[in-house]
Amino acid sequence: MAITINGTCYDPPVDPRVSLLDFIRDHAALPGSKKGCDHGQCGACTVLLNGRRINSCLALAVMHDGDTVTTIEGIGTTAEPSPLQRAFVAHDGFQCGYCTPGQICSATAMLQEIADGWPSDATDDLASPPSLSEDELRERMSGNLCRCGAYPNIIDAIRTVADTPA
Ligand code: FES
Ligand code: FES
């Protein structure tokens, strides 16, 4: 079994019960993805799987042989942060920072979902492109909890990027 994470192929022997999150953290030695609840409730473990956001604690690594994963380490670096990473810093989109890797991975995919025209539960008009209203952003980020309550600044950071033309 082999999984490509941030452009590097990892193929260590792995117990079939290992979650994708534990594979990333313990076998690939990438600790950026966080374990909050370990059962799909907090979003701290969010990564991009083949470009789509998932809770990596809910997936078994063996289910993803041949797949491509992007973690927070692959979104940007300290020297070259992504626009969302810059915006989270500029807007104080965190306090303790434990939820932040998941928030940024989730927001990265979420903005692409909006660009691709995917509706959310907050979308009023399914015939029109989704808006970037606060209700839309909050609904779409509702799978990522922040126990520090940094939500207003998180939304400000995401809005800055969403409102910036590519
Ligand atoms: Fe995966 Fe909480 S650690 S959702
Ligand atoms: Fe502490 Fe979100 S910044 S949990």
Side-chain angles (χ1 to χ4, degrees), residues 1 3-6 8 10 12 14-65 67-78 81-114 118 120-122 132 134-162:
M1 188 201 76
I3 300 175
T4 299
I5 307 175
N6 305 332
T8 299
Y10 295 88
V14 65
D15 187 289
R17 295 166 294 183
V18 167
S19 71
L20 180 59
L21 175 60
D22 286 342
F23 184 89
I24 291 167
R25 288 179 55 85
D26 300 338
H27 296 267
L30 294 166
S33 306
K34 299 297 186 246
K35 184 180 286 187
C37 63
D38 208 20
H39 51 262
Q41 294 185 343
C42 72
C45 64
T46 304
V47 298
L48 307 187
L49 178 76
N50 301 328
R52 289 180 59 177
R53 53 184 171 164
I54 65 160
N55 290 334
S56 59
C57 70
L58 292 183
L60 293 173
V62 292
M63 295 167 62
H64 295 291
D65 183 23
D67 283 344
T68 298
V69 171
T70 304
T71 69
I72 190 66
E73 292 93 339
I75 296 281
T77 64
T78 305
S82 75
L84 272 168
Q85 288 171 318
R86 286 182 198 278
F88 268 67
V89 171
H91 289 270
D92 268 342
F94 47 81
Q95 289 183 39
C96 76
Y98 198 80
C99 72
T100 311
Q103 300 278 2
I104 291 177
C105 284
S106 189
T108 299
M110 182 272 291
L111 291 177
Q112 188 60 50
E113 291 161 13
I114 290 179
W118 293 12
S120 80
D121 203 42
L132 293 168
E134 181 159 340
D135 282 352
E136 279 279 5
L137 296 182
R138 284 184 177 272
E139 167 60 24
R140 289 171 188 270
M141 291 299 294
S142 60
N144 290 83
L145 305 184
C146 174
R147 69 179 178 179
C148 297
Y151 297 111
N153 293 5
I154 290 170
I155 293 298
D156 285 350
I158 294 172
R159 175 165 297 288
T160 300
V161 176

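Hydrogens, waters and symmetry mates play no part in the numbers below; they use all other heavy atoms, side chains included. Both counts, for ligands and for their atoms, begin at 1 and track the order of listing.
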Those atoms of ligand 1 less than 4.0 Å from some heavy atom in Asp38: 2 (Fe), 3 (S)
Has Cys45 got an N, O or S atom lying less than 2.8 Å from atom 1 (Fe) of ligand 1? yes
Here the vertex angle at atom 1 (Fe) of ligand 2 for SG of Cys96 and SG of Cys148, given to 10°, is 100°
At a threshold of 2.8 Å, where the distance has to be below it, does atom 1 (Fe) of ligand 1 have an N, O or S atom of Cys57 nearby? yes
May I ask you to list the atoms of ligand 1 that are less than 4.0 angstrom from any heavy atom of Gly40? 4 (S)
Should Arg138 and Tyr151 count as side-chain neighbours, where that means a heavy-atom distance under 4.5 Å? yes
Any N/O/S atom, side chain or main chain, of His39 closer to atom 2 (Fe) of ligand 1 than 2.8 Å? no
Is it the case that the side chain of Thr4 and the backbone of Thr68 share a donor-acceptor pair, with hydrogens and angles ignored and the cut-off at 3.5 Å? no
Is it the case that the side chain of Arg25 and the backbone of Pro31 share a donor-acceptor pair, with hydrogens and angles ignored and the cut-off at 3.5 Å? yes
Where ligand 2 meets Gly97 - atom numbers and elements under 4.0 angstrom, heavy-atom basis: 1 (Fe), 3 (S)
Considering only heavy atoms of Cys37, which atoms of ligand 1 have at least one such atom less than 4.0 Å away? 2 (Fe), 3 (S), 4 (S)
For ligand 1, which part of Gln41 has a heavy atom less than 4.0 Å away: the side chain, the backbone, both, or neither? backbone
Assess Ala150 for proximity to ligand 2: is some non-hydrogen atom of it under 4.0 Å away? no
Just so I know, are the side chains of Asp22 and Lys35 near enough to count as touching, which here means a heavy-atom distance under 4.5 Å? yes
Where ligand 2 meets Arg147 - atom numbers and elements under 4.0 angstrom, heavy-atom basis: 4 (S)
Would you give the length of the straight line joining atom CG of Asn55 to atom CD of Gln41, rounded to the nearest 0.5 angstrom? 10.0 Å
For residues Cys146 and Ile154, report the shortest heavy-atom separation together with the two atoms involved. CB-CD1, 4.3 Å
Side-chain (Ser106) to main-chain (Gln103) donor-acceptor, under 3.5 angstrom: no
Shortest non-hydrogen separation from Ile54 to Ala59 and the atoms involved: CD1-CB, 4.4 Å
min-distance protein heavy atom vs atom 3 (S) of ligand 2 -> Gln95 N, 3.1 Å
Which option out of Cys99, Gly36, Gly102 puts a heavy atom nearest to atom 2 (Fe) of ligand 2? Cys99
Can you list the atoms of ligand 1 that are under 4.0 Å from a heavy atom of Cys42? 2 (Fe), 3 (S), 4 (S)
What heavy-atom pair brings Cys148 and Gln95 nearest, and what distance separates the two atoms? O-NE2, 3.2 Å
